[in-house]
Amino acid sequence: MQLVTISFFLWVLSLSIVRGNCNNTLTASLIQNQLRLLEKLINLLDVSKTSKSPVVFHAELGSYKTYHHGSIWVYDKVVTNVGKAYNPSTGKFSAPTNGVYQFNWYTLSDPKTMSHAGLFVNGAMKARQAANNNGGSGQWLTAGSSIALPLHKGDVVYIKDVYGWKAQLRSHWTAFGGVLIN
């Protein structure tokens, strides 16, 4: 893309080269044309830099929840959802465009419970975390994880329990988020 842009820029500049004698009116006209072409080129470059709309989301559990093995965790309290790619009814993020996305998820488990959150893309686990809270009744344990992944438009990303234990999760401190970084 940059080679094409540079070639186009050089072509635009070559259009305004004048050989031989010319009067002030012709020179002024050529300079004005060159400036208009440069403005168009700048606008074209600005559009190409922002051709991908921003995509960012952050959602939390809106209330205390219990999930069992294989259950998709639904983060129903949306804090940010620029691009509307996260669905708080299903707990699933659908990539609106090809690109590299950064995801993070955090889990606060109840005392004496465990949670094993796996991040899945189209049904395949890509990363996981474990919060094995075997402490006393007053101990809380938070686990967090993050991963950057190249995705294709339409890929579906979600968090679900990946181990055979019941996950008892606290609201607000249990969150899932992502952002298109490239």
For [X] versus [Y], what's the shortest heavy-atom pair and its separation?
X: Asn122; Y: Gly154; result: OD1-O, 4.4 Å
X: Pro88; Y: Val74; result: O-CG1, 3.1 Å
X: His58; Y: Ala175; result: CE1-CB, 3.6 Å
X: Trp73; Y: Asp161; result: NE1-N, 3.4 Å

Let me check something: do [X] and [Y] share a hydrophobic cluster, defined by ILVMFWY side-chain heavy atoms less than 4.5 Å apart, either directly or through other members?
X: Val78; Y: Leu180; value: yes
X: Val162; Y: Ile72; value: yes
X: Val121; Y: Val56; value: no
X: Val156; Y: Leu119; value: no
X: Tyr158; Y: Val179; value: no

To the nearest 0.5 Å, tell me how far [X] [atom1] sits from [Y] [atom2].
X: Asp155; Y: Phe120; atom1: CG; atom2: CZ; value: 15.0 Å
X: Lys77; Y: Glu60; atom1: NZ; atom2: CD; value: 5.0 Å
X: Ile159; Y: Thr107; atom1: CD1; atom2: OG1; value: 7.5 Å
X: Arg128; Y: Ser145; atom1: CZ; atom2: OG; value: 10.0 Å
X: Trp173; Y: Ser171; atom1: CH2; atom2: OG; value: 6.5 Å
X: Phe57; Y: Asn87; atom1: CZ; atom2: CG; value: 11.0 Å

message = For Gln129 and Trp105: C-alpha separation, side-chain torsions, deciding distance, then whether side-chain contact (heavy atoms from CB on, under 4.5 Å) applies.
response = CA-CA 9 Å; Gln129 63 164 243; Trp105 62 107; 3.1 Å; yes
inquiry  = List the residues meeting salt bridge (Lys or Arg N to Asp or Glu O under 4.0 Å) with Lys126, not counting sequence neighbours, and say none if there are none.
reply    =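 If we apply the salt bridge (Lys or Arg N to Asp or Glu O under 4.0 Å) test to Lys126, skipping adjacent residues, there are no hits.
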Polar side-chain atom of [X] near backbone of [Y] as donor-acceptor pair, under 3.5 Å:
X: Asn98; Y: Lys153; value: yes
X: Asn182; Y: Val100; value: no
X: Ser109; Y: Leu169; value: no
X: Gln168; Y: Thr113; value: no
X: His68; Y: Lys166; value: no

Going by the rule side-chain hydrogen bond (donor to acceptor under 3.5 Å, both in side chains), which residues pair with [X] if we only count those two or more places apart in sequence or in a different chain?
X: Arg170; value: Asp110
X: Asp76; value: Lys65
X: Lys160; value: none
X: Ser63; value: none

ask   = What residue pairs, at least two apart or across chains, pass salt bridge (Lys or Arg N to Asp or Glu O under 4.0 Å) with a residue in residues 80-97?
value =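 Those involving residues 80-97 do not exist here.
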key: pair Asn132-Tyr163: side-chain heavy atoms closer than 4.5 Å   =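 No. Closest side-chain heavy atoms not under 4.5 Å.
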Set of residues satisfying ring-ring contact (aromatic ring centres under 6.0 Å, His included) with respect to Tyr75, sequence neighbours excluded =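 ring-ring contact (aromatic ring centres under 6.0 Å, His included) list for Tyr75, sorted by chain: Phe176.
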ask   = For Tyr101, which residues count as a ring-ring contact (aromatic ring centres under 6.0 Å, His included) partner, sequence neighbours excluded?
value =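 Tyr101: ring-ring contact (aromatic ring centres under 6.0 Å, His included) contacts with Phe93.
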Test side-chain contact (heavy atoms from CB on, under 4.5 Å) applied to Thr142 - qualifying residues, sequence neighbours left out =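 Result, side-chain contact (heavy atoms from CB on, under 4.5 Å) vs Thr142: Leu108.
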task = Take Tyr67 and Leu61 through the side-chain contact (heavy atoms from CB on, under 4.5 Å) test and state the conclusion after the steps.
result = CA-CA 12 Å; Tyr67 289 103; Leu61 293 184; 4.1 Å; yes
